[in-house]
Amino acid sequence: MLLCFGGAAVLFSAARPEPTPKPLQAKPKLNQVSPAIPILGHAIASLHTKVVVDLSDARAYTYWGKQRLSSYPVAVGQPGWETPTGTFKVIQKQRNPVWQQPITGELITTGPDNPLGDRWISFWSDGQHQIGFHGTNKEQLIGQPVSHGCLRMRNSDIRALYEQVSEGTPVVVQK
């Protein structure tokens with residue numbers, strides 16, 4: 001069938017006169033995009049994006065201006081290790097973080113035993129300890145007060161949040 005159509009095209013093109021070739025026109029010169037453009041895009045996004053954590057319903061919400069973009073369930077700080085409330089800013093983002101156990105000081109490298117999962121977003125520090133959003137190796141505990149003050153998220157959710165925020169993005173934690 002393809003040969004038949006191809007042959008017909010050859011017959012019809014032979015019956016038509018050859019078109020006169022048009023002179024080649026110079027291609028328009030393209031301006032190079034500055035490597036700073038993606039960085040500026042993230043900076044502009046962080047000006048309008050904010051994260052609001054409601055501890056009473058154990059959820060983190062992202063907003064673009066007044067428009068709610070997403071909602072994620074979180075595990076919050078357990079009694080004695082409560083998640084701090086107030087207005088903060090994202091101060092660090094890290095892929096494949098190493099976790100230091102706050103009581104023993106043991107270092108847990110990235111992998112299935114690391115309770116931080118594969119993303120870390122810090123928003124509070126006293127100079128020695130940090131609190132932030134992170135994944136978990138125990139997703140069944142999401143929604144419960146079980147952390148040392150951090151906000152544990154499902155690994156798929158922390159990866160999504162990681163892409164939505166930049167250093168400097170406001171984080172509001174309220175009861």
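Between the CD atom of Gln78 and the CH2 atom of Trp81 there is a distance of 8.0 Å, given to the nearest 0.5 Å. In this structure, the separation between NE2 on His134 and OG on Ser122 is 11.0 Å, given to the nearest 0.5 Å. Of the inter-residue distances, the one linking Trp64 atom CH2 with Leu69 atom CG reads 8.5 Å to the nearest 0.5 angstrom. Note that the CD1 atom of Ile108 and the CG atom of Asn137 stand 10.0 Å from one another [nearest 0.5 Å]. Here the CD1 atom belonging to Ile158 is positioned 4.0 Å from the CD1 atom belonging to Ile121, to the nearest 0.5 angstrom. In this structure, Gln128 CD and Gln100 CD are separated by 8.5 Å, a value rounded to the nearest 0.5 Å.
Taking the ring axis of Tyr61 as reference, the NZ or CZ atom of Arg68 does not stay both within 45° of it and closer than 6.0 Å to the ring centre.
Across all their heavy atoms, Pro145 and Gly77 have their closest contact at CB-O, 3.6 Å. The minimum heavy-atom distance linking Ile91 with Glu167 is given by the pair O-CD, 3.8 Å. Nearest heavy atom pair, residue Asn155 against residue Gly117, reads OD1-CA, 3.7 Å. Summarising the geometry of Gln164 relative to Thr49, their closest heavy-atom pair is O-CG2, 3.6 Å, with the distance given to 0.1 Å. Of all the heavy atoms in Thr62 and Tyr72, the pair that sits closest is CG2-CE1, 4.3 Å. Closest of all the heavy-atom pairs between Pro97 and Arg119 is CD-N, 4.0 Å.
Note: the hydrophobic cluster containing Tyr162 also contains Met153 (ILVMFWY, side chain heavy atoms under 4.5 Å, direct or indirect links). Note: the hydrophobic cluster containing Trp120 does not contain Val171 (ILVMFWY, side chain heavy atoms under 4.5 Å, direct or indirect links). Following chains of ILVMFWY side-chain contacts shorter than 4.5 Å, one can reach Val173 starting from Val74, so the two form part of one hydrophobic cluster.
Sorted by first and then second residue, the pairs that involve residues 89-112 and meet salt bridge (charged side-chain N to carboxylate O under 4.0 Å, His left out), not counting sequence neighbours, are Arg95-Glu163.
Side-chain atoms of Ser147 do not come within 3.5 Å of backbone N or O of Arg152 as any donor-acceptor pair.
Within the 4.5 Å cutoff, side-chain heavy atoms of Val52 are placed close to those of Lys50. Val51 is not listed as a side-chain neighbour of Tyr63, based on a closest heavy-atom distance of 4.5 Å or more. Using a 4.5 Å heavy-atom threshold, the side chains of Phe88 and Ser125 count as separate. Residues Pro84 and Ile131 form a side-chain contact, since some pair of their non-hydrogen atoms from C-beta on lies under 4.5 Å apart. When side chains are defined from C-beta on, Val98 does not count as touching Thr110, because their heavy atoms never get closer than 4.5 Å. In this structure, the side chains of Thr109 and Asn114 stay at 4.5 Å or more apart for every pair of heavy atoms. Side-chain atoms of Asp157 and Pro73, non-hydrogen and from C-beta on, do get closer than 4.5 Å to each other. Here the side chains of Val172 and Val53 are not in contact, with every heavy-atom distance at 4.5 Å or above.
Side chains of Thr85 and Gln174: no donor on one and acceptor on the other come within 3.5 Å. Ser71 and Arg59 share a side-chain donor-acceptor pair at under 3.5 Å.
Connectivity analysis of hydrophobic side chains (ILVMFWY, heavy atoms under 4.5 Å, direct or indirect) links Val146 to Leu141.
Partners of Phe133 under the ring-ring contact (aromatic ring centres under 6.0 Å, His included) rule, at least two apart in sequence or in another chain, are Phe123.
Lys175 has no carboxylate O lying under 4.0 Å from a charged side-chain N of Asp54, or vice versa, which leaves the two without a salt bridge.
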